[in-house]
Amino acid sequence: MAFLSLEGLSKHFGTHVAVDGLTLAVEKGEFVSLLGPSGCGKTTTLQMIAGFVEPSGGAIRLEGRDLLAVKPAKRGLGIVFQSYALFPHMTVAENVAFGLEMQGVAAAERTRRVGETLELVGLGTFAGRYPRQMSGGQQQRVALARALVIRPQILLLDEPLSNLDAKLREEMQIELRQIQRTVGTTTILVTHDQAEAMALSDRLVVMNHGRAEQIGPPHEAYERPATPFVASFLGRTNLVNGTTVRPEKIWFATSGLAGKVRTRIFQGNHWLYQIETADGLVTVIRQNTGEAMPGEGEAVHLAWAAT
Amino acid sequence: MKSAPYLLSLPALLLFGAIVIIPLVMTVLLSFHDWGQYKGIEPVFVLKNWHEVFTDSYFLEMFWRTFRIAFFVTLLAAVLGAPEAYILNRMKSPWRGLFLLVILGPLLISVVARTLGWALLFGGNSGLINKALVSMGLISAPLPFMFTETGVIVALTHVLMPYMVLAVWAALQRLDPQIENAAVALGAGPFTVLRRIVLPQVMPGILSGAIIVFALAASAFATPAIIGGRRLKVASTLAYDEFLNTLNWPLGAAVAVLLLVALVAIVVGASRLVERRYAQVFG
Amino acid sequence: MSRNGPIALIYHTLFVIFMLAPILVVCFVAFTPEGYLSFPTDRWSLRWFYAIGRYPEFISAFWRSLWLGALSSAIAVAFSVPAALAIGRHRFRGRDAMTALFMSPLMIPHVVLGIAFLRFFTELGLGGTFVGLVLAHIVVVLPFALRLTLASAVGLDRSIEHAAISLGASDRTVLRRITLPLVLPGLISGWALAFINSFDEVTMTVFIAAPGTETLPVRMFLYIQDNIDPLVTSVSACVIAITAAALIALDRAYGLERLLVGRSVDGR
Ligand SMILES: Nc1ncnc2c1ncn2[C@@H]1O[C@H](COP(=O)(O)OP(=O)(O)OP(=O)(O)O)[C@@H](O)[C@H]1O
Ligand SMILES: [Mg+2]
């Protein structure tokens, strides 16, 4: 039996169907990402698990028990909101201690666990600060600490990294994965960034129009996309001879599909080509190995491995 | 869950129902009651007061004066206040805050004290303004300000000016400062920028300020009562006299209700017009 | 930001003179040593300030105005908070109509309100009583209180409360520990704005106050109606000084602009 299971979960807003019969089983300790374009129902799904949105149909079970019958305050979930939702009138330590206080944890124990958790997220020296005195990345870690300190059964993360710049986001991704590994909490992450989802998760749920298009490990979804939508959402694709081929799986050969280089863009570790062929424009990505590469206007032949 | 907003607003709703709606309805009813010097108020249904208000040229002239004063006050406030708000907005940091305080502050000082200041400045023939004007050689004989429409208009413009500056100021705050620079970069002179770029964008602010000033000017009481005195009546001072001097409450109620209805019609109509005019651009 | 030219600065100077002249004139005349209205030229005197002490009705009217303002504003805020939470955070049938109703005292001429309350309170036997004054003032200051509480209720991020709930807080705890502290600055500035408006209200109050329950502006107004003499200028000068002090304090604490323009007041 799965740890957390969503069974035919739906949500209608008037006539609009935000989530449409979503079924998903999450194992204990697993890291699952809900991935999809804006408005596909990710936040709504997460809010239904958290209890802030009431489902129109379907069931949510935690270890076989009906979670919908449990009040949001009693579900024992740790949530990191997109806006962080830190309590602006409380210090970092007070923010993190709040959940423990609600559980009636004694003061001494509370102080110890708050200190421990702040160390875990690397904010040991920030306990006395107010949220507004901290950077976006630090606030995000406070939000994470606040959710983790109550030792939640499940951690729900709603685009926690989307407000950060690229470099900080990468650092936080690594940190998040490490923390999740150490603590071992079952985690559901919502994101519309496919790179982030693939980097962090054990399994992906690729959503579109409120439905799960594919559920599986990242490399499987990438290599064997179940639908054209999944293929195009998880990176670039080419449609040649009726098959989809990833741009990095195409190479320049002496024979094969003939074409002409229309544009060539240098991107540091790789080259990005647009090739005009009889089948239309084909995107090709080649690693930058230092070798000479075809220039714009040159005639080329394309080859790829049959799948 | 569905009833939560109703439950939350219930106390305020009950309060308003009991002490706003009921008294207003009672006032409307009162305007249909009869009144006599000796018999007092008689709770019957007559159209006497309304007939009197609509046919007696005294009331017609008085309402006409009320709205004429309100119109000129609004015009003056817009013409004088909007440029000041613009200048204020272009000031550097400490001055901006200081002068904003100086100009908006009077809003919070008692109307009676402010109007008293104008009464002192006007002060019959010996008032400070007339002395200054005569000594500068601008006029030969003192101008009458007390008990005149001019005096009421000047004092009311002063009393209501902060509302106009506030409305235009708020509109200016929403303006993207880069837009002016963009226009300058395209070769527009300062006057063109003002007329073609700034003015159209702050127009909704000026108009909403004008609606507020007009409504407050038409219903102003203390200022016309002090500057206009017994001789120059407007709707609200007339209603006051009917209530507290003549004691003809039903007639006073009719004047007040008419003022309310006329004002609501003008304000709602004007707001609709402004909204329709600007909805497309700024919606 | 470009600078203002000389013409603009001249205009600005004249404008400021226009705004300040009547207020300064009142303050000057208050210091006259003469028994009639005049400017103190060679000699300043406090005699008219001492004279206030011989008119206890001004003193008692001042205290009454203070109490009336404090009490009616506090009650108005108490009514505003739940209403603001309803209007600011729910979409429901009749929401716009309800908002218009609560804001209507801004639009109804105060003469009309005065007449309506005079009639209503006379019928109820509350004519000329302090209770009547409080009820009437609650109504006229409620829009100001509501506007600022509404701004802070709207500005409040819903997910902050959700965060508290997800950590196990009960509805009451959320209200007490999260919602109220976050809207508190809005409540305080709403109270302050309501207080100032109550303290200045004269048009409506003149109808419903009786000789024993006159507020300070009403007393000043009625006094001026009979005669303008240096006494009323010294009383006005005191009112102006007190208001100016309160104004500067408020400006320091919240920013006058935020108070008057009614910008959203966040949790900071
Ligand atoms: N309270 C609501 N009332 C009506 N429609 C809603 C409501 N909440 C969400 N929706 C609609 O449901 C759909 C899914 O919304 P949701 O917030 O779950 O999207 P999302 O996948 O999280 O998108 P994003 O990546 O932009 O956050 C959207 O079309 C949205 O407009
Ligand atoms: Mg979302």
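Atoms considered below: every heavy atom in the structure, side chains included; atoms not considered: hydrogens, waters and symmetry mates. Here is how names work: the chains are called A, B, and so on, in the same order as the sequence lines, proteins then strands, and each is numbered from 1.
In terms of non-hydrogen atom pairs under 4.5 Å with chain C, the most contact-rich of Val28(B), Ile21(B), Leu30(B) is Leu30(B). Ranked by heavy-atom pairs under 4.5 Å with chain C, the first of Leu244(B), Thr237(B), Thr27(B) is Thr27(B). For the set Leu24(B), Leu116(B), Leu10(B), Leu260(B), the count of heavy-atom pairs under 4.5 angstrom toward chain C peaks at Leu116(B). The residue among Ile248(C), Leu146(C), Ile23(C), Leu101(C) with the most heavy atom pairs within less than 4.5 Å of chain B is Leu101(C). Most heavy-atom pairs under 4.5 Å with chain B: of the set Arg89(C), Arg119(C), Arg91(C), this distinction falls to Arg119(C). Comparing Val202(C), Ile224(C), Val239(C) by how many heavy-atom pairs each has under 4.5 Å with chain B, the most go to Ile224(C). Residue with the most contacts toward chain C among Val111(B), Ile19(B), Val102(B): Ile19(B) (heavy-atom pairs, distance under 4.5 Å). Interface summary for chain B: among Ala86(C), Ala78(C), Gly5(C), the most heavy-atom pairs under 4.5 angstrom belong to Ala86(C). Across Val25(C), Leu113(C), Val232(C), Thr233(C), the residue that shares the most heavy-atom pairs under 4.5 angstrom with chain B is Val25(C).
Taking CD1 of Ile87(C) as the reference point, atom CG of Leu8(B) lies at 10.0 Å (rounded to 0.5 Å). The CD atom of Glu84(B) sits 9.0 Å away from atom CE of Met19(C), with the distance rounded to the nearest 0.5 Å. A distance of 7.5 Å separates NE2 of His158(B) from CG of Leu20(C), quoted to the nearest 0.5 Å. Atom CG of Leu101(B) sits about 5.0 Å away from atom CG of Asp251(C), to the nearest 0.5 Å. For the atom pair CD of Gln225(C) and CZ of Arg230(B), the computed distance is 5.5 Å after rounding to the nearest 0.5 Å. Atom CD1 of residue Ile22(B) and atom CD of residue Glu123(C) lie 12.0 Å apart, to the nearest 0.5 angstrom.
No side-chain heavy atom of Phe15(C) sits less than 4.5 Å from a side-chain heavy atom of Pro83(B). Annotation: side chain of Leu120(B) is in contact with side chain of Val26(C) (closest heavy-atom distance under 4.5 Å). Looking at heavy atoms from C-beta onward, Leu14(B) lies out of side-chain contact with Phe79(C) at the 4.5 angstrom threshold. Side-chain contact check for Met98(C) versus Ser9(B): some heavy-atom pair is nearer than 4.5 Å.
Ring geometry for Tyr6(B) against Phe92(C) counts as perpendicular: the plane angle is over 60°, on a 0 to 90° scale with 30° as the lower cut. Between Phe243(B) and Phe207(C), the ring planes are perpendicular. Angles over 60° get that label, and only those under 30° would be called parallel. The aromatic rings of Phe221(C) and Phe221(B) are tilted relative to each other, their planes meeting at an angle between 30° and 60°.
Of all heavy-atom pairs spanning Val112(B) and Pro217(C), the tightest one is CG2-O, 3.8 Å. Smallest separation of non-hydrogen atoms from Ala222(B) and Thr203(C): N-OG1, 4.4 Å. Heavy-atom minimum distance, Phe99(B) versus Val16(C): CD2-CG2, 3.9 Å. Closest approach of Gly252(B) and Ile115(C) over heavy atoms only: O-CD1, 4.1 Å. For the residue pair Trp118(B) and Pro22(C), the shortest heavy atom distance occurs at NE1-CG, 3.4 Å. Residues Gly81(B) and Tyr11(C) share a closest heavy-atom pair of N-OH, 4.5 Å.
Counting non-hydrogen atoms of other residues, nucleotides and ligands closer than 6.0 Å to CZ of Phe18(C) gives a total above 12. Summarising the local packing, CD1 of Ile7(C) is surrounded by 12 or fewer heavy atoms from other residues, nucleotides or ligands at distances under 6.0 Å. Within 6.0 Å of CZ on Arg95(C) lie more than 12 heavy atoms contributed by other residues, nucleotides or ligands.
Interface remark: Leu88(B) contributes side-chain atoms only to the contact with chain C (heavy atom separation under 4.5 Å). Only the side chain of Val111(C) comes within contact range of chain B, with heavy atoms under 4.5 Å apart. Interface residue Ile196(C): only side-chain heavy atoms are found under 4.5 Å from chain B. Looking at Ile87(B), both its backbone and its side chain come within 4.5 Å of chain C, counting heavy atoms on both sides. In this structure, no portion of Ser65(C) lies under 4.5 Å from any heavy atom of chain B. Heavy-atom distances place no part of Ala215(B) under 4.5 Å from chain C, backbone and side chain included. For Leu80(B), the parts lying under 4.5 angstrom from a heavy atom of chain C are both the backbone and the side chain. Residue contact with chain C, scored on non-hydrogen atoms closer than 4.5 Å, involves the backbone and the side chain of Ala225(B) alike. In this structure, chain C has a heavy atom under 4.5 Å from the side chain of Val165(B), while its backbone stays farther away. Residue contact with chain C, scored on non-hydrogen atoms closer than 4.5 Å, involves the backbone and the side chain of Ser219(B) alike. Within the 4.5 angstrom heavy-atom criterion, no atom of Glu201(C) approaches chain B. Residue Val206(C) touches chain B through both its backbone and its side chain, counting heavy-atom pairs closer than 4.5 Å. Looking at Ile228(C), the atoms closer than 4.5 Å to chain B (heavy atoms on both sides) all sit in the side chain, from C-beta outward. Contacts between Ile138(C) and chain B at a heavy-atom distance below 4.5 Å involve the side chain alone, from C-beta outward. Only the side chain of Leu142(C) comes within contact range of chain B, with heavy atoms under 4.5 Å apart. Both the backbone and the side chain of Ile109(B) come within less than 4.5 Å of a heavy atom in chain C. Of the atoms belonging to Val159(B), not a single heavy atom falls under 4.5 Å from chain C.
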List the steps and the verdict of side-chain contact (heavy atoms from CB on, under 4.5 Å) for Val268(B) and Met107(C).
-> CA-CA 10 Å; Val268(B) 170; Met107(C) 212 167 51; 4.2 Å; yes
